[in-house]
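Remarks on the structure that follows.
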Amino acid sequence: MISLYARNKDGAARYVTITDRQGNLFGYKTLTVTTGSDFLVTRERHFTYATEAEMQRALRGMIDRRLRKGYSVLYSFFAPGRYGALPELLAARQS
């Protein structure tokens, strides 16, 4: 799980939370992306992948894109040993 945020010119925050929550034990690998400017009005999208490697590439792309757009890491948690060097990279960027 990772939560990112960015502030616009007016100082309002925009949030993005990405989790690897899958619908059921036998389902495909799924990333759930929740976005919004407050925690009451959000948009949730689901992205499904055939393999773990495909999902991890997509996750890295989603995170990299938002970091380039100026988002900062608010919170992150990754299962030990599952995502390579990504947790250490993000911990260094956490606010």
Side-chain angles (χ1 to χ4, degrees):
M1 172 183 182
I2 180 167
S3 290
L4 305 161
Y5 75 98
R7 296 204 177 271
N8 66 18
K9 294 175 186 171
D10 299 331
R14 179 127 181 101
Y15 298 94
V16 176
T17 299
I18 305 170
T19 60
D20 60 352
R21 184 175 68 206
Q22 98 189 44
N24 62 59
L25 182 61
F26 306 105
Y28 289 102
K29 303 296 181 185
T30 303
L31 291 176
T32 301
V33 180
T34 306
T35 59
S37 54
D38 65 37
F39 293 106
L40 299 174
V41 181
T42 61
R43 177 180 179 199
E44 187 172 280
R45 294 180 292 164
H46 304 274
F47 301 90
T48 303
Y49 306 95
T51 67
E52 178 81 19
E54 191 179 318
M55 183 189 76
Q56 288 196 24
R57 278 193 303 276
L59 173 64
R60 184 62 186 257
M62 290 176 184
I63 293 170
D64 288 345
R65 240 183 342 274
R66 286 176 175 88
L67 291 176
R68 282 194 304 272
K69 287 183 177 181
Y71 280 78
S72 299
V73 178
L74 181 63
Y75 172 82
S76 65
F77 174 80
F78 295 94
R82 185 161 174 210
Y83 290 96
L86 185 59
E88 290 80 19
L89 170 77
L90 294 173
R93 297 186 72 135
Q94 196 159 343
S95 307

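Residue numbers count from 1 along this sequence. Heavy atoms only: backbone and side chains are in, while hydrogens, waters and symmetry mates are out.
- Side chain of Asn8 to backbone of Asp10: a donor-acceptor contact under 3.5 angstrom is found.
- We find the CD-CG distance between Glu52 and Leu59 to be 9.5 Å, quoted to the nearest 0.5 Å.
- The two residues Ile18 and Met62 make their nearest non-hydrogen contact at CD1-CB, 3.9 Å.
- Looking at Glu44 and Thr32, their side chains come closer than 4.5 Å, going by heavy atoms from C-beta outward.
- Tyr15 and Leu74 make their closest contact through CE2-CD2, 4.1 Å (heavy atoms, listed as atom of the first residue, atom of the second, distance).
- Val33 has its side chain within reach of Arg66: a pair of non-hydrogen atoms, C-beta onward, lies under 4.5 Å apart.
- Contact annotation: the side chain of Arg43 never approaches that of Thr34 to less than 4.5 Å [non-hydrogen atoms, C-beta and beyond].
- Two residues are said to be in side-chain contact when any heavy atoms from C-beta on lie closer than 4.5 Å; Ile2 and Ile63 meet this criterion.
- Using modelled atom types, one finds a donor on one side chain and an acceptor on the other under 3.5 Å when comparing Ser3 with Thr17.
- Residue Tyr49 comes nearest to Ala58 through the heavy atom pair OH-CB, 3.3 Å, listed as atom of the first residue, atom of the second, then distance.
- Of all the heavy atoms in Gly70 and Ala6, the pair that sits closest is O-CB, 4.2 Å.
- With rounding to the nearest 0.5 Å, the separation of CE in Met55 from CG in Leu31 is 5.5 Å.
- Leu4 CG to Ser76 OG: the interatomic distance, rounded to the nearest 0.5 Å, is 9.0 Å.
- Annotation: the span from Met1 atom CE to Tyr75 atom OH amounts to 6.5 Å, rounded to 0.5 Å.
- Using a 4.5 Å heavy-atom threshold, the side chains of Arg60 and Arg57 count as separate.
- Across Ser37 and Arg14, no two heavy atoms sit closer than the pair N-NH1, 3.6 Å.
- In this structure, the side chain of Thr30 engages the main chain of Tyr28 through a donor-acceptor pair within 3.5 Å.
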